[in-house]
Number of protein chains: 4
Amino acid sequence: MFILTDLVNGITIELTDMVNGLGILRAKGAFRMFAKFLRLDSEKQDRIVNAVMKEFAQKGYERASTNEMVKEAGISKGLLFHYFQNKKQLYLFLVDYCYDMVVAEFYKKIDLTEPDFFKRIREAVHIKMEMLTQYPDIFKFMEEAFLEDAAEIKPELEKKKREMTDINMGKFFEGIDYSKFRADVDLKIVLKIITFTFEKMSEEVLYKAKFAPGHEINYAEIRQEAEQYFDVLIKCFYH
Amino acid sequence: MFILTDLVNGITIELTDMVNGLGILRAKGAFRMFAKFLRLDSEKQDRIVNAVMKEFAQKGYERASTNEMVKEAGISKGLLFHYFQNKKQLYLFLVDYCYDMVVAEFYKKIDLTEPDFFKRIREAVHIKMEMLTQYPDIFKFMEEAFLEDAAEIKPELEKKKREMTDINMGKFFEGIDYSKFRADVDLKIVLKIITFTFEKMSEEVLYKAKFAPGHEINYAEIRQEAEQYFDVLIKCFYH
Amino acid sequence: MFILTDLVNGITIELTDMVNGLGILRAKGAFRMFAKFLRLDSEKQDRIVNAVMKEFAQKGYERASTNEMVKEAGISKGLLFHYFQNKKQLYLFLVDYCYDMVVAEFYKKIDLTEPDFFKRIREAVHIKMEMLTQYPDIFKFMEEAFLEDAAEIKPELEKKKREMTDINMGKFFEGIDYSKFRADVDLKIVLKIITFTFEKMSEEVLYKAKFAPGHEINYAEIRQEAEQYFDVLIKCFYH
Amino acid sequence: MFILTDLVNGITIELTDMVNGLGILRAKGAFRMFAKFLRLDSEKQDRIVNAVMKEFAQKGYERASTNEMVKEAGISKGLLFHYFQNKKQLYLFLVDYCYDMVVAEFYKKIDLTEPDFFKRIREAVHIKMEMLTQYPDIFKFMEEAFLEDAAEIKPELEKKKREMTDINMGKFFEGIDYSKFRADVDLKIVLKIITFTFEKMSEEVLYKAKFAPGHEINYAEIRQEAEQYFDVLIKCFYH
DNA sequence: TATGAATGAGTTTTCATTCAT
DNA sequence: TATGAATGAAAACTCATTCAT
């Protein structure tokens, strides 16, 4: 699922695993400790998730205030800690929660029967841009989450990141027709280079968006830029 | 100087500037406000720099405690602020200070008369690895610095990052013989893809190092891996 | 209510407003932001108010230490800020709180049906002295408050002072029989002179009390002194 | 010298002493402890006095920073403390220093042969206003000084204030022709009332100036207002 | 399940004063 | 006489977490 994670955050992923199509099965019971929260009616769940996401997205892990969250969500201090034990768990829960939403949505839309590598990537880029427009808050939060540096949560977060990418990579690459690639170079390396290229391209887009006046993303321009890369990569890596 | 910054931190750089070989001269007087500190005997300077770097590297900007720094450095509370005014200036000073050391060292070693792009990159990778071994703390701090997300320092830090990359790009690309590249594709895009590849490769190295047991970096393996990339890139992008 | 404010602090008041008998109704909801505090049982409220008042009265706004206050009140650091947000709000709250107590008490005692100006003033002086004896701490605090010079709170404090005097002036002057005053001089100026006289007299009393050994106020003497002023003023300003 | 102190600061003065024409002789050796400073060439003295005055006037005793003073004066930290021992002494020295300047100037200008009480007061008001225009910084500092509330310096300051007023009162009242006052009331009380009136009037002027937009003092208006008081007071207190 | 008052160690920063040079 | 680096206690304020109700 590199196209997803990459446009969101640009993590370096385990290409070896990816290409091999392997993945660790995600611990299904990860949400067990938040069972109380997940039993709430979904209106309240949403209110809480949105309030928490907003605060974390705006201020980052350290500076985010649980006081603000409960104020915004309209619940009491104690209740937040009743559901999530502590700030760290709350954060990690939210990362999972958002990621699950986004991934599920992505795979509903992507056509996994398209065998051409570049066509599939092109579609992924487009889906990604659509979703960015549709759920800007979630993406803002996830982007921050993957950049998050705070010492306290780093180890758990890194583990989570790896789990996520590992799980989804294989699925994305299913059914690709690798016979179109030139045979005189190492295919794994070629795939890595292509992946790297689109990851970095996405990072640039986010980076520019962040510092451009108005912070507006010009999607048409991105598609055009992506086409330039497709052109070079196809000419050089297909035979 | 992308190989340096990239191995350290993987920033997205302005390729247009890079390819044009332009660079803004760095403001020489940037250290004037830390004159008091720089007048100290170097033993004390080092003690302070190391203590501060250690704390920032371990905990990031927000969580790093000036209390811990002075305790570690064996100086008084007031003195730190006497030299650096406040936490933010202290941080930004340290970024500059480390960057200057690293860049100066890098350009002492790199051979800028080598006209072959890949040979020059290969040498840069090797120099980088040498330096990583020699000054692991500085690199750890700089890596964290470039990932740093803290709201308070972000604007200044981003400005600094761009200055740094802009200044050094041109120098690294001086005298490269571009005639060896194939003519049927856009050279700018090709150079971007190559740059992206080595940036991502470096990120992977750091990433693995961080989560490997013992955090040991196997440099022989990295060189070997880099050679695989050189092989593909040369075959596909040279004519 | 000039006799009150004046004995406490000697502010210069807007005689025009005073003579016109106008007054702005005081915003009743001013205490809303301290609702948490006001919901406490009164024993604790008193403990806190007294501790805070003592510290501010002794040291003035700037030098007063919130640390000392919580120590004296036997509450935690955080709690004080939970109730009052910050030092400034705490101070302004206390000014209001004390002022309200004092004013309410004063108007319970003063006879507003007495039409003779000097008789009413005479009673006010006596009431004032009674209250000074009964609540010395509150008066000490308010006196300091009205002299307070600290840059941070000055603007709000001055606004508060004016509000207070404006509101109460009219009430005190209601129903006075001005026909007894001589007609050949400007009545407004005459009333100002009388007001000034008792204000300054009160200032002198406080001033002497402060520097007399033992800080004892001799009320009998003050009454006697006041009578000397009444004698002169009546002879000169009544026809 | 009530007209002076009063326009500056409105202190309550010992009218009994004043009327009796008594005064404690000022301790001539008060400056002995600042002998080192007074031996400096006057250019340097002025530089220091002005820098210190500026900082105290702007920020009040507590918030004034000795760092700012030495920076502004262009001397070293140590030197300031060499001359003045500590902040408190520095402040008290400055109060004396300024007061001496102002009083000397005032008595150079006032005509002590004018026997009419109101004419002399009228002249004093005018001189005062002239001086306010000529030395605004000194007056600003002295005004702040007399309002100053900081616990640490209060006792010494109050003592100084009393000394000052006591010393100068007698001089101002020398040669007044008291026979013009009506004989049926206590003269001491009458003089007190008159003094109070001009003191309070001045306080009002300063007060209004402080909160008027632009903080400009309209001297013509003040003279006119003073004339209204003269009119009433003469009519009522002269026979 | 839900509340929100209470905690207290923690934070960065300031500043008068000292003292070796 | 003159310097300014060095001190360290003190300041206001924060905030995740607990716990009695």
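Chain naming here is simple, since letters A, B, ... match the order of the sequence lines and numbering starts at 1 in each. These figures come from a predicted structure and were not determined experimentally.
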Enquirer: Calculate the interatomic distance between D/Leu40 atom CG and F/dT1 atom P; express it in whole Å.
Expert: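 About 8 Å, once rounded to whole Å.
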Enquirer: Could you check B/Gly74 against D/Arg39 and say which one's nearest nucleotide on DNA chain F is further toward the 5' end?
Expert: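 Going by which nucleotide is closer to the 5' end, it is D/Arg39.
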Enquirer: Give a yes/no on whether any side-chain N or O of A/His82 is located under 4.0 angstrom from OP1 or OP2 of E/dA2.
Expert: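 Answer is no, no contact under 4.0 Å.
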Enquirer: Below 4.0 angstrom from OP1 or OP2 of F/dA2, is there any side-chain N or O of D/Tyr83?
Expert: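 Yes, D/Tyr83 has a side-chain N/O under 4.0 Å of OP1/OP2 on F/dA2.
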Enquirer: How many whole angstroms separate atom CE of B/Met69 from atom P of E/dG10?
Expert: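 Value for this atom pair: 16 Å.
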Enquirer: Do any N or O atoms from the side chain of B/Tyr91 and from the backbone of B/Phe56 form a donor-acceptor pair under 3.5 angstrom?
Expert: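 Absent.
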Enquirer: Using atom types as modelled and distance alone, determine if a side-chain donor or acceptor of B/Gln89 lies under 3.5 Å from a backbone N or O of B/Phe84.
Expert: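 Absent.
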Enquirer: With A/Glu68, which residues qualify under side-chain hydrogen bond (donor to acceptor under 3.5 Å, both in side chains), at least two apart?
Expert: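 Only A/Lys71 meet the side-chain hydrogen bond (donor to acceptor under 3.5 Å, both in side chains) criterion with A/Glu68.
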Enquirer: Please report the distance, rounded to the nearest Å, between CG in C/Asp41 and C1' in F/dT21.
Expert: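 Whole-Å distance recorded here is 15 Å.
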Enquirer: Toward the 5' end of DNA chain E, which comes first, A/Ser76 or C/Ile75, by nearest nucleotide?
Expert: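 The residue whose closest nucleotide sits nearer the 5' end is A/Ser76.
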Enquirer: Can you list every salt bridge (charged side-chain N to carboxylate O under 4.0 Å, His left out) pair that touches residues 33-44 of chain C, not counting sequence neighbours?
Expert: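 For residues 33-44 of chain C: C/Glu43-C/Arg47.
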Enquirer: Rounded to whole angstrom units, what separation is found between the CG atom of B/Leu80 and the P atom of E/dT11?
Expert: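 The answer, rounded to whole Å, is 14 Å.
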Enquirer: Quick test: give all pairs of protein nitrogen or oxygen and nucleotides 12-16 of chain E nitrogen or oxygen below 3.5 Å, distance rounded to 0.1 Å.
Expert:
{"residue": "E/dT12", "atom": "OP1", "partner": "B/Ala64", "partner atom": "O", "Å": "2.9"}
{"residue": "E/dT12", "atom": "OP1", "partner": "B/Thr66", "partner atom": "N", "Å": "3.4"}
{"residue": "E/dT12", "atom": "OP1", "partner": "B/Lys87", "partner atom": "NZ", "Å": "3.0"}
{"residue": "E/dT12", "atom": "OP2", "partner": "B/Thr66", "partner atom": "N", "Å": "3.2"}
{"residue": "E/dT12", "atom": "OP2", "partner": "B/Thr66", "partner atom": "OG1", "Å": "2.8"}
{"residue": "E/dT13", "atom": "OP2", "partner": "B/Lys87", "partner atom": "N", "Å": "2.8"}
{"residue": "E/dT13", "atom": "O4", "partner": "B/Lys77", "partner atom": "NZ", "Å": "2.9"}
{"residue": "E/dA16", "atom": "OP1", "partner": "D/Ala64", "partner atom": "O", "Å": "2.9"}
{"residue": "E/dA16", "atom": "OP1", "partner": "D/Lys87", "partner atom": "NZ", "Å": "3.0"}
{"residue": "E/dA16", "atom": "OP2", "partner": "D/Thr66", "partner atom": "N", "Å": "3.0"}
{"residue": "E/dA16", "atom": "OP2", "partner": "D/Thr66", "partner atom": "OG1", "Å": "2.4"}
{"residue": "E/dA16", "atom": "N7", "partner": "D/Lys77", "partner atom": "NZ", "Å": "3.3"}

Enquirer: How many whole angstroms separate atom CZ of A/Phe37 from atom P of E/dA2?
Expert: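 Whole-Å distance recorded here is 12 Å.
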Enquirer: Look only at the side chain of B/Lys54 and the backbone of B/Met69, and say whether a donor-acceptor pair between them is shorter than 3.5 Å.
Expert: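 Flag not set: sc B/Lys54 to bb B/Met69 has no pair under 3.5 Å.
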Enquirer: According to side-chain hydrogen bond (donor to acceptor under 3.5 Å, both in side chains), who are the partners of A/Gln85, at least two apart in sequence or on a separate chain?
Expert: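 So A/Gln85 forms no side-chain hydrogen bond (donor to acceptor under 3.5 Å, both in side chains) with any residue.
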Enquirer: Just by modelled atom types, is the B/Ser65 backbone N or O under 3.5 Å from a matching donor or acceptor in the B/Glu55 side chain?
Expert: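 At least one qualifying donor-acceptor pair exists.
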Enquirer: Who are the side-chain hydrogen bond (donor to acceptor under 3.5 Å, both in side chains) partners of B/Lys77, not counting sequence neighbours?
Expert: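 Only B/Asn67 meet the side-chain hydrogen bond (donor to acceptor under 3.5 Å, both in side chains) criterion with B/Lys77.
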Enquirer: Whole Å only: how far is the CD1 atom of D/Ile48 from the C1' atom of F/dT3?
Expert: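 Going from CD1 in D/Ile48 over to C1' in F/dT3 covers 14 Å.
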Enquirer: Both atom distances under 3.5 Å, Watson-Crick or G-U wobble: I'd like the secondary structure of DNA chain E as a dot-bracket string, with | for pairs made across strands.
Expert: .||||||||||||||||||||
Enquirer: Calculate the interatomic distance between B/Lys36 atom NZ and F/dT3 atom P; express it in whole Å.
Expert: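 Computing the B/Lys36:NZ to F/dT3:P distance gives 15 Å.
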Enquirer: Is the phosphate of F/dA2 approached by D/Lys44 (side-chain N or O, under 4.0 Å from OP1 or OP2)?
Expert: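 Yes, D/Lys44 has a side-chain N/O under 4.0 Å of OP1/OP2 on F/dA2.
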Enquirer: Starting from P on F/dA11, measure out to CZ on C/Phe56 and report it in whole angstrom.
Expert: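 Taking atom P of F/dA11 as the reference, CZ of C/Phe56 is at 13 Å.
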Enquirer: Less than 4.5 Å apart, side chain to side chain, heavy atoms only: is that true for D/Ile48 and D/Val52?
Expert: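 Counting from C-beta outward, D/Ile48 and D/Val52 do come under 4.5 Å.
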